[in-house]
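Chain letters run A, B, ... following the sequence lines, proteins first, then strands; residues in each count from 1. These numbers were taken from a predicted model, which means no experiment stands behind them.
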Amino acid sequence: MQRGEVAVHSRYLPVLAILFCGCNAMDSHQRGLLKPSGAADMNAAIVWGEAVDGLRSRIWTDKERFNPEEPITVHYAIQNVGNQARTVWHRGFEANNRIDVRTEDGKPAHFIGNASARSKTFPQRGNWEKNVPVVLQPGAIDDAYIAYNLRDFFDMKTPGVYSVQYVHQDSEDEKPVKSNELKITVAAPGS
Amino acid sequence: MNLLRSLFLRLLLFLALAAGVHFQVAEAASIPAPNPMDILCNGVKIGTLNITNYATYANGGSVGATIEALFTKTDPTMDYNLKWIQAITDGKGTIGQANGTNPPYLDPYDLGPGGQREDNLPWYWTDPENMTAGVGVNDGNGPGSRFSDTPSQSNANSGNFIKFETALVSVDGLNIHYLKGFTWGYTVNADMTSTLDPFAWLNTPTDNLTGPTTAWDGTLNPKGGGKPVGYQFVGGACPCTTIPEPGLLGLTLVGLAGFAIRARARRC
């Protein structure tokens, strides 16, 4: 073997190390132990909302400025920052999660979804058909949420800066867990 | 120490009973054999389905049922694009009925933002849920390998009941390969407890499941009623793909690196 070839082999060692480290990733697939998604990892710098009784949440978009037409897709994650396992219920998004969007003057953005549904109490109570307890170990993140396009639910065509916040609350006995307040800029056409 | 703890627990139990605290001890239902059940696709065993829990549920003022089903692949390197479908087939006081929709209808009914469906797909799990460990994933068995549900309602709803038909399916576009199903449910009793329906395995879907699935209109409107997008239950081999193992992937890349090194050596 030539000396030069040995040098080339060692150059690939870090690549091999990374590849074989990947085998251990399966360990995090234990039941009840939610692993953070890649998206959440990549956005580690995004600020979290205030922790309430061991839970905190955050939302983020893939960019800050949007034109008046393109989708405004928002990602959402909840983390257990307490030192005991916590249960977050998946029973349909709006059963225990709410999206608040405000315009620059602080007024709620016009809701274009089902207005009668919007007026229901929050968190919703009573009868659950899909009702799934998701156990979060300390430090675990639940990001198994659809990244909704806010424009499916709110009128956000007017240029300006909108404030978006997600609120999670399982029952009226619990305090609401509010995400970071995300600022989204809708630019004027052609700007 | 153990004696003291035992006495303390008995005292707590006595005080709770004396105070009239009403609670229900979870009662499990038997699952007809075999459990785990072999899962075949086109005559080939692709794994097993294990009902790990089916019991009454009570928490605070709510009662209902809880169930968990876990699929384990025979060949861990195969992926079958697994999904779960669940229909509410009958009931009194169901969510759909409150909105003017009688069973059968697919679960979940609504509770997406704005009272719409969570997404425009007929599956029980949303896509993010289906691929998340502890939600739609049973350990290392891939997306759609876990089903869990704990339907419940106020224990004051005496006489309310709900019946479910649930199915594990393998999906190829709009073609649905039925793998195995089961029926279950619960009734709210006058004494504020719940009673489980007997669990029953199904080898083929009933009209209660095929009806709302083939009628699925792909909109976010929980009432549906639009033009069906074309989902159909079909036979034949399940769609499957091979998941490259990390070790195999590594060896492939090492081989490619070897070719690159050799080519470079020839240039020199």
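Closest of all the heavy-atom pairs between A65(B) and L196(B) is CB-CD2, 3.5 Å. Scanning both residues, T166(B) and W84(B), for their nearest heavy atoms gives CG2-CE3, 3.8 Å.
The parts of T94(B) that come within reach of chain A are both its backbone and its side chain, each placing non-hydrogen atoms under 4.5 angstrom from that chain. Contact of D149(B) with chain A is made through backbone and side chain together, with heavy-atom distances under 4.5 Å. In this structure, chain A has heavy atoms under 4.5 Å from both the backbone and the side chain of I95(B). Residue contact with chain A, scored on non-hydrogen atoms closer than 4.5 Å, involves the side chain of F164(B) exclusively. Contact annotation for Y145(A): only backbone heavy atoms (N, CA, C, O) come within less than 4.5 Å of a heavy atom of chain B.
Using modelled atom types and a 3.5 Å distance limit, the side chains of Q153(B) and S62(B) yield no donor-acceptor pair.
Ring geometry for Y54(B) versus W184(B): interplanar angle over 60°, hence perpendicular rather than tilted (30 to 60°).
When each of G126(A), P133(A), A147(A) is scored by its heavy-atom pairs under 4.5 Å with chain B, the top score falls to G126(A). Listed options N97(A), N96(A), I146(A) were ranked by heavy-atom pairs under 4.5 angstrom with chain B; first place goes to I146(A).
Around the NZ atom of K178(A), the shell of radius 6.0 Å holds no more than 12 heavy atoms that belong to other residues, nucleotides or ligands.
Using a 4.0 Å cut-off between charged nitrogen and carboxylate oxygen, E181(A) and R102(A) do not count as a salt-bridge pair.
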